[in-house]
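Since the model is a prediction, treat every value here as computed from it, not as a measurement.
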Amino acid sequence: MIRNLVIVESPAKAKTIEKFLGKDFTVKSSFGHIRDLAKKNLGIDIEKGFKPEYIISDEKKKVVDDLRKSANEAETVWLASDEDREGEAIAWHLSEVLKLDKKKTKRIVFHEITKDAIQNAIKNPRGIDYNLVNAQQARRILDRLVGFELSPILWKKVKPALSAGRVQSVAVRLLVEREREIFKFNSTSFFKVNGVFDGKVEIKAELSDKLKNLKETLDFIESCKDATFTISDISKKPSKKTPAPPFTTSTLQQEASRKLNFSVSQTMTIAQKLYEAGHITYMRTDSVNLSDTAIDAAKKTICEEFGEKYHNPRRYKTKSKGAQEAHEAIRPTYLDNHKITGSSAEQRLYELIWKRTIASQMSDASIERTVVTINISTSNYKFVATGEVILFDGFLKVYFESSDDDSEETGKDLLPPMKAGQVLTPKEIIANERFTQRPARYTEASLVKKLEELGIGRPSTYAPTISTILNRGYVLKEDRDGIERKYVSIVLKKGKVTKEEKVEITGSEKAKLFPSDIGIVVNDFLVEYFKNILSYNFTATVEKEFDDIAEGKIEWAKMIDQFYRPFHKDVEKTLRESDYSKGERSLGPDPKSGKEVIVRIGRFGPIAQIGESNTETKEKPQYASLLKGQLIETITLEEALKLFSLPRNLGLYEEKEVVIGIGRFGPYVRHASKFVSLKKDDNPLSIPLERAIELIEEGRKKEREKVIKVFAEDNTLQLLNGRWGAYLNHKGDNFKLPKGTDASKLTYNDCLKIIGEQKPTNKKKKPQGKTKR
DNA sequence: CAGTGAGCGAGCTTCCGCTTGACTT
């Protein structure tokens, strides 16, 4: 017999709460939403006022059955999901699905997981807020309508199995537009002049202005030969630095990316582990709020470890409006725990969270900036030396937030004592040609930051959204090598001016997001026909209306109707009038044949094509796939023509032809009817025979190592080496080895046992298998 | 490891936000 059943969203939260409530209360979890719109036929009856059809998915049936059983037994059911739109909807779905009797059902919310807060909530129950529920239903239905009406248009007009949605399509748009800014960007050069002056310590100064061109720079450097350098002014300015607020999902993803090189999904998986182990508070939150308990604990830790003057209590306000303070910021549950046990990634992420939280409750750092101005007797330009002294480190003792732009660090060293009027002797004056910087490509984390600024997506969806646009092939996450760039360097040393041309590497990228051709074509198509939904403020606009529904100012079905009618008209018009979209672009005539060279999206990806097929003359065009990194939008005629040199015969090896080509899995070398993929750095257009042979041999070695053991008793049973280590193969079925098995020691009987006990891992998905995002 | 939308053709793909496992060749 259960007297009181409390239902929350997450099992970890259930466990914590149960401790506070005593034995009269049983706490269970709904594991998020328990039902959703049916996937067939939209799941919405548009004719009947957008009536939603909700379905409990197979995975959730067990959870629901269990909850139903407990609810029937219970005297009182307490629905304790979050206070926001989604949480209210969860409570409502529960009350509907479990057919809860209103008299014995109570809705409660708490803002903090503490004994007091929870007991207080129990004392102040309320009913379900149907306006809030309706706002959620409107959000859900709008997203379904947009996603399930736009995606099929893409299947017909671009390519099957593509997708579009309120969030993902705007994310792709951001990347496409940034890439276009980069195409268009024209870098201009200027000269930056640095002076090094003698002193007890070297004094490094920078010319206050950038010089426009080479002539001006040479004139200036010449003029420095006979110049006197005098300190004209020394000013000292106090300044301070303030700690960043505690982590939200988005800021945690950004810092873990910058400081630890984690992808956003890695960060979330590790944070989930920390949460389940009880080390940190909930990791999906947009709140920067710390509980009173946490603020007190931080005070204690800071005072004990660093002293009272390092402590400065602060309360942070979440910028995104609304009553979303249901969650706290992401923080350690026990602030006196500096470190935890766990994997190295877990430890590092925990430490980051600990430092950020502690720092947010520490004093400002106070800094003194010294600016020394140095006059040049032969010029109106001035040198400026900047020094920084930290007078009090404050929060900097534990933590400093990184920033995205990796601009060159300017020398902010300690300056030696100096006084105005002092004459300085130049040791060296260097003018280097510099270039204006193109806009930066997005990383996963900087894209999340941008989406959050636009109010698009939620903490629980940032990582899945990135996976979606990667999985659809709209976006590639890649490293790119930089290119060499020449620059001029002029040095004045010991009265002599030398001019030199130097080379630097520029534009290299690591783990950056690049839009693909398909991403660009889909984006352009959607922007042309659905400008409204693709606009950056579409979400903000509809959010306002959802808020109005939540406040009872408008009726949800009316809002949806007003959106849907014009939208659906656009959908029909687009299906009727738009052309098949393959991103075609003409590059001009082929110098050999005079036929037109075009690039476009083909059935299997972007291709270049010479000539057109002609049914009368039975003429067929030539085709060649584009290489990785080449885009329809930017490829030149010369680059495209080079692609037609594939497949290319490099010569003979062991009396058989070595051929380079591009296939389904990218560039390959073929030899004796075996295929080996080229490595990332190999260019199929220029790879030499020796390197190809190297790859062939590598391929042979791998194949030799692939088979660990074949059993004499049954040669269809093999132990093989795969991407994730050893596995068993039997007549085409694969089997996982139990954890910690030493593959080389397995006997025939051991293997038979494994096969008997396990299901093959490579079987086709169940017909009703869940979709992976 | 081909092919580069017609031209036999069923039925499928897809959204966003809540939550965890199950699972990966």
For A:Gln609, answer base if it contacts any base atom (sugar-phosphate contacts may also be present), sugar-phosphate if it contacts only those atoms, and nothing otherwise; contact means non-hydrogen atoms under 4.0 Å. nothing
Give the rounded distance in Å between these two atoms: CG of A:Leu626 and C1' of B:dG3. 16 Å
Are there more than 12 heavy atoms of other residues, nucleotides or ligands under 6.0 Å from atom CD of A:Glu612? no
Spacing between A:Lys39 atom NZ and B:dG11 atom C1', to the nearest angstrom: 16 Å
With A:Arg173 as the cation and A:Tyr536 as the aromatic partner, state whether NZ or CZ is under 6.0 Å from the six-membered ring centre and within 45° of the axis. yes
Mind checking if A:Arg140 touches a base, just sugar-phosphate, or nothing, with heavy atoms under 4.0 Å? base
Would you indicate what A:Tyr282 reaches in the nucleic acid, counting non-hydrogen atoms under 4.0 angstrom: base, sugar-phosphate, or nothing? sugar-phosphate
Contact class for A:Leu162 vs. all strands (heavy atom < 4.0 Å): base, sugar-phosphate, or nothing? sugar-phosphate
Please work out if A:Ala164 contacts a base, only the sugar-phosphate, or nothing of the nucleic acid, heavy-atom cut-off 4.0 Å. sugar-phosphate
Let me know the distance between CD of A:Gln136 and C1' of B:dC16, rounded to the nearest Å. 10 Å
Just to be sure I understand the rule, does A:Ser163 reach a base, reach only the sugar-phosphate, or reach nothing, if contact means heavy atoms closer than 4.0 Å? sugar-phosphate
Determine the contact category for A:Pro11: base if any of its heavy atoms lies under 4.0 Å from a base atom, sugar-phosphate if only primed atoms, P, OP1 or OP2 are that close, otherwise nothing. sugar-phosphate
Reckon A:Gln272 touches a base, only the sugar-phosphate, or nothing at all at heavy-atom distances under 4.0 Å? sugar-phosphate
Under 4.0 angstrom, heavy atoms only, what part of the nucleic acid is A:Gly87 near: base, sugar-phosphate, or nothing? nothing
Can you tell me whether the side chain of A:Arg458 and the base of B:dC16 have a donor-acceptor pair closer than 3.5 Å? no
For A:Val167, report the nucleic acid contact type (base, sugar-phosphate, nothing); a contact means any heavy atom under 4.0 Å. sugar-phosphate
Touch class at under 4.0 angstrom, heavy-atom based, for A:Gly32 against every strand present: base
Distance only, no hydrogens: is a donor on one side chain within 3.5 Å (strictly under) of an acceptor on the other, for A:Glu346 and A:His279? no
Taking atom types as modelled, is there a side-chain donor on A:Arg284 or A:Thr249 under 3.5 Å from an acceptor on the other? no
